[in-house]
Amino acid sequence: KSCQKPVDKYIEYDPVIILINAILCKAQAYRHILFNTKINIHGKLCVFCLLCEAYLRWLQLQDSSQNIDPDDLIRYAKEWDFYRMFGIASLEQTSFLVGIFITLWWMRPKMLKTKSDFILLLKALLLSSYGKLLLIPAVIWEHDYTPVCLAFIKVFVLISNSQAIRVTLNLNRLLPWLAIIFGLILENGVVCLFQKMGWDV
């Protein structure tokens, strides 16, 4: 009332501009999306991103690339390797999130006091992983630079996760990155465990 201006300037903005600012990892855009919109697609988005990641891993398996007949799509849907890749991707994502939560709870236990704090942070992390959708065009337009593109997608998702943690818990830049690094360590530990068990990851 004192300044006669909206507290959240993005209330007046077009959704396309909000999306562009979110892609540019602007904290205000993340704040608007997390606190001032009623987006409930985090669960569906998470499953879709895991499906994209599982498909990419499944495609990279040598067994899956032997038969390239496009009329054989029904057989592809029944591939057990795909479901195995989906399970592995789900476990890795879970271990990454658990690593983040453990680090934040250990470093700042007062910030994650209630169940609603955990749920809000989980929603923020799942929504900020939207960059994994870029795996689809990376697979469709396969070229010599695909590994570089996949590395850039991973970095983009981690930057988005960092912004989501910063906005949700109102932190500085250092602590979210420490949490993400610990999450990556735990995720890579799960990958190493699968590889020791003789599974292709």
Side-chain angles (χ1 to χ4, degrees), residues 25 41-65 76-109 111-112 115 117-139 142 146-166 168-169 171 173-201:
C25 293
I41 61 164
H42 49 275
K44 293 175 186 174
L45 181 66
C46 177
V47 170
F48 192 68
C49 289
L50 287 172
L51 285 171
C52 292
E53 203 166 326
Y55 178 75
L56 180 67
R57 292 173 182 208
W58 176 70
L59 201 62
Q60 291 172 344
L61 284 176
Q62 292 176 357
D63 298 320
S64 302
S65 61
Y76 282 169
K78 295 179 180 177
E79 284 277 350
W80 286 108
D81 282 336
F82 175 77
Y83 300 116
R84 186 169 54 91
M85 290 296 126
F86 181 80
I88 291 170
S90 301
L91 284 172
E92 287 178 10
Q93 176 76 17
T94 302
S95 61
F96 176 71
L97 294 173
V98 166
I100 289 175
F101 280 109
I102 288 171
T103 306
L104 292 173
W105 183 77
W106 179 59
M107 308 251 327
R108 297 277 175 92
M111 294 205 159
L112 295 170
K115 184 181 175 182
D117 295 335
F118 276 100
I119 291 171
L120 179 64
L121 183 57
L122 180 63
K123 285 181 181 180
L125 286 167
L126 293 178
L127 283 175
S128 66
S129 297
Y130 67 93
K132 289 182 181 179
L133 297 177
L134 295 171
L135 292 170
I136 298 170
V139 169
E142 187 176 350
T146 300
V148 177
C149 292
L150 297 179
F152 276 125
I153 291 169
K154 181 74 172 174
V155 169
F156 177 74
V157 169
L158 294 177
I159 291 169
S160 298
N161 291 153
S162 169
Q163 282 292 71
I165 296 169
R166 276 187 63 208
T168 307
L169 301 177
L171 297 170
R173 291 180 193 272
L174 181 63
L175 189 55
W177 278 110
L178 285 174
I180 285 171
I181 288 168
F182 188 74
L184 285 172
I185 290 169
L186 200 59
E187 180 183 344
N188 287 327
V190 170
V191 171
C192 291
L193 183 67
F194 284 133
Q195 286 173 344
K196 282 184 180 177
M197 291 168 64
W199 290 12
D200 292 324
V201 180

ask   = Looking at side-chain heavy atoms only, is the closest gap between L169 and R108 below 4.5 Å?
value = no

ask   = Does any non-hydrogen side-chain atom of L56 lie less than 4.5 Å from one of I136?
value = no

note = Closest heavy-atom pair, L135 versus L150, reported as atoms and distance to 0.1 Å, is CD2-CD2, 3.5 Å

inquiry  = With a sphere of 6.0 Å drawn around CH2 of W105, does it hold more than 12 non-hydrogen atoms of other residues, nucleotides or ligands?
reply    = no

F48, CZ: over 12 other non-hydrogen atoms inside 6.0 angstrom = no

message = Is it the case that atom OH in Y130 sees more than 12 heavy atoms from other parts of the structure closer than 6.0 Å?
response = yes

task = Hey, could you give me the CG/CZ distance between L186 and F96, rounded to the nearest 0.5 Å?
result = 10.5 Å

key: Heavy-atom pair of closest approach, residues R57 and I88   = NH1-CG2, 3.5 Å

inquiry  = When you compare the side chain of L158 with that of W177, does any pair of heavy atoms fall below 4.5 Å?
reply    = yes

ask   = For S90 and L50, which heavy atoms make the closest approach, and how far apart are they?
value = OG-CD1, 3.6 Å

message = Side chains of S129 and Q93, heavy atoms from C-beta outward: is any pair under 4.5 Å?
response = yes

message = Using modelled atom types and a 3.5 Å cut-off, is there a donor and acceptor pairing between side-chain atoms of Q163 and backbone atoms of C25?
response = yes

key: Value rounded to 0.5 Å, distance of CG in N188 from CD1 in I185   = 8.0 Å

request  = State yes or no: are the ring centers of F182 and F101 separated by less than 6.0 Å?
outcome  = no

task = State the SG-CG distance between C46 and L97, to the nearest 0.5 angstrom.
result = 7.5 Å

note = CG (L134) and SG (C49) are apart, to the nearest 0.5 Å, by 9.5 Å

ask   = Does a sphere of radius 6.0 Å around CZ in F118 hold more than 12 heavy atoms from other residues, nucleotides or ligands, not counting ones at 6.0 Å or beyond?
value = yes

ask   = Taking the side chain as C-beta and beyond, is there a heavy-atom pair between P176 and R166 under 4.5 Å?
value = yes

ask   = For the residue pair L104 and L175, what are the closest heavy atoms and their distance?
value = CD2-CG, 4.0 Å

key: Salt-bridge present (E187, K154; N to O < 4.0 Å)   = yes

note = In terms of heavy-atom contacts, V190 and E92 come closest through CG1-CG, 4.3 Å

Heavy-atom pair with the smallest gap, counting every atom of A124 and T168 = CB-OG1, 3.3 Å

Any L125 side-chain heavy atom under 4.5 Å of I165 side chain = yes

task = Starting at CG of L122, measure out to CG of L127 and round the result to the nearest 0.5 Å.
result = 9.5 Å

key: From CG (D117) to CG (L120), nearest 0.5 Å   = 7.5 Å

